[in-house]
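Reviewing the structure listed below.
Heavy-atom basis, side chains included; hydrogens, waters and symmetry copies ignored.
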Amino acid sequence: MSATMVDMDEVKVVVAHHERVTLRVGDVFLKVDADRTRTDVEVEAMARAPVPTPEVLWRKPPVLALAAVSGTALGRLGEPSTAPSAAWAAAGAAARMLHDAPLPPWPGRSLDEIASHLDSECEWLITNGVLSADLVTRNRRVAEAALRPWTPVFTHGDLQIAHVFVVGDEITGVIDWSEAGQGDALYDLATLTLGHEERLADVIAGYGTDVDLDVIRAWWSLRSLLAVRWLVEHGFDPSAPGCEVDVLRSRM
């Protein structure tokens, strides 16, 4: 059997929890999602996005088959990024292209929905002793700056660095579009730089316009507060070095 055939026979679990599973078989990713709506959004968003996205090979709900994109991820939360400044700037430019594109027809989360979700998560974190009341309260105050009206743009919705692939300073693909929709442009920029505050200037340089840094910081706190319970309940560790709990502590 050739080396190529051996590689193709290997199945790697990329992510697995009770909502979805992603497998890699050779150069094909198989995404199995219990919620067909997320897959519908992902396929439609990739078709509309003006940035490189994975090729849809086939779809048979609940399975979506995507071709692997070339390159390596811009980085990982909790790990130093070795990507050059130019790659981060290119990610900012790609975000700007997306935000300048026509709005997708489906809505994103409303301001009231986000605020209500934030309040309930903060209460849960304190009541269950997951985080200290001081840490939650301080970050809840910081997050307030994000809870203001914004002009909706086409957002990726989960533009974390592990979803942005580069070769040198070129963006080769942006993956995982199931959270795409109408939203706040600064949320995407905050998600991209979460845990990598030192790269924010590079991203903004590529984005090409001034942004409100207080709102970016607010989204860092808000996203982290909303993520902790989900991560814990799905078997991930938000308190790992450089991850969500450290992001919250950095605001103290």
Side-chain angles (χ1 to χ4, degrees), residues 41 45 48-51 74-75 77 81 83 85 87-104 106-119 121-122 138-164 166 171 174-228 230 242-244 246-251:
V41 166
R48 293 174 175 271
V51 298
L74 192 60
L77 184 62
S81 171
S85 294
W88 284 84
R96 182 62 182 269
M97 288 180 62
L98 177 65
H99 297 162
D100 286 344
L103 286 172
W106 60 93
R109 295 179 300 168
S110 71
L111 185 57
D112 287 344
E113 288 172 337
I114 295 170
S116 177
H117 188 194
L118 178 62
D119 288 340
E121 290 303 299
C122 288
R138 168 58 180 162
N139 278 275
R140 176 63 180 81
R141 286 199 295 265
V142 172
E144 191 67 31
L147 300 176
R148 86 285 177 227
W150 59 73
T151 300
V153 299
F154 188 169
T155 58
H156 179 279
D158 193 18
L159 195 62
Q160 54 182 291
I161 53 175
H163 293 163
V164 180
V166 298
I171 303 299
V174 180
I175 67 172
D176 285 359
W177 291 81
S178 62
E179 305 297 325
Q182 300 180 23
D184 180 12
L186 299 191
Y187 177 73
D188 269 355
L189 299 184
T191 302
L192 183 62
T193 53
L194 184 75
H196 290 82
E197 187 168 351
E198 76 283 359
R199 299 292 196 161
L200 180 58
D202 294 330
V203 169
I204 293 174
Y207 196 70
T209 187
D210 292 335
V211 303
D212 189 328
L213 296 182
D214 287 339
V215 175
I216 294 285
R217 297 185 185 102
W219 278 123
W220 286 337
S221 289
L222 198 155
R223 180 181 171 95
S224 297
L225 287 168
L226 294 185
V228 170
W230 188 95
C243 294
E244 285 79 5
D246 275 355
V247 171
L248 296 172
R249 288 174 178 153
S250 71
R251 304 273 74 86

**Prompt:** Given side chains that start at C-beta, do those of I204 and T193 come closer than 4.5 Å, heavy atoms only?
**Reply:** no
**Message:** Would you say that I161 contacts R199 through its side chain, given a criterion of any heavy-atom pair below 4.5 Å between the two side chains?
**Reply:** no
**Item:** Distance (rounded to the nearest 0.5 Å) between Q160 CD and T191 OG1
**Value:** 8.0 Å
**Prompt:** Could you give the distance from OG (S178) to CG (D158), rounded to the nearest 0.5 Å?
**Reply:** 7.0 Å
**Prompt:** Would you call L200 and L213 a side-chain contact if the rule is heavy atoms closer than 4.5 Å?
**Reply:** yes
**Close side-chain approach of E244 to R223, heavy-atom, < 4.5 Å** = no
**Prompt:** So V228 and E121, side-chain contact (heavy atoms from CB on, under 4.5 Å) or not? Walk me through it.
**Reply:** CA-CA 9 Å; V228 170; E121 290 303 299; over 6 Å; no
**Heavy-atom pair with the smallest gap, counting every atom of W150 and R109** = CZ2-O, 4.2 Å
**Under 3.5 Å donor-acceptor, S116 side chain and D112 backbone** = no
**Request:** Identify, with sequence neighbours excluded, every residue that meets ring-ring contact (aromatic ring centres under 6.0 Å, His included) alongside Y187.
**Result:** W219
**Asked** Are D188 and T155 linked by a side-chain donor-acceptor pair shorter than 3.5 Å?
**Response** no
**Request:** Can you see which heavy atom on W106 is nearest to which on A45, and at what distance?
**Result:** CH2-N, 3.9 Å
**Item:** W177: partners by ring-ring contact (aromatic ring centres under 6.0 Å, His included), with sequence neighbours left out
**Value:** H156
**Side-chain (S250) to main-chain (V247) donor-acceptor, under 3.5 angstrom** = yes
**Request:** Measure the CG-CG distance between D214 and L186 for me, rounded to the nearest 0.5 Å.
**Result:** 11.0 Å
**Prompt:** Hey, what do you get for CZ (R48) to CG (L103), rounding to the nearest 0.5 Å?
**Reply:** 10.0 Å
**Asked** Can you find a pair of side-chain heavy atoms, one from L118 and one from L226, that are under 4.5 Å apart?
**Response** yes
**Message:** Looking at every heavy atom in both L192 and G92, which two are closest together, and how far apart are they?
**Reply:** CD2-N, 4.5 Å
**Exercise: identify the closest heavy-atom pair between L77 and G242** = CD1-O, 3.6 Å
Contacts table for residues 140-147: side-chain donor-acceptor under 3.5 angstrom, sequence neighbours left out:
| unit_1 | atom_1 | unit_2 | atom_2 | d |
| --- | --- | --- | --- | --- |
| R140 | NE | D119 | OD1 | 3.2 |
| R140 | NH1 | E144 | OE1 | 2.7 |
| R140 | NH2 | D119 | OD1 | 3.1 |

**Any donor-acceptor pair under 3.5 Å from N139 side chain to L248 backbone** = yes
**Message:** Nearest 0.5 Å, please: how far is SG in C122 from CG in L222?
**Reply:** 8.0 Å
**Message:** Just verifying a value: how many Å separate I171 CD1 and M97 CE, rounded to the nearest 0.5 Å?
**Reply:** 10.5 Å
**Item:** Minimum heavy-atom distance S81-H196, with the two atoms named
**Value:** N-NE2, 4.0 Å
**Request:** Kindly give the heavy-atom pair with the smallest separation between L74 and A91, and that separation in Å.
**Result:** CD2-CB, 4.0 Å
**Prompt:** Does V166 reach the side chain of W88, with side-chain heavy atoms less than 4.5 Å apart?
**Reply:** no
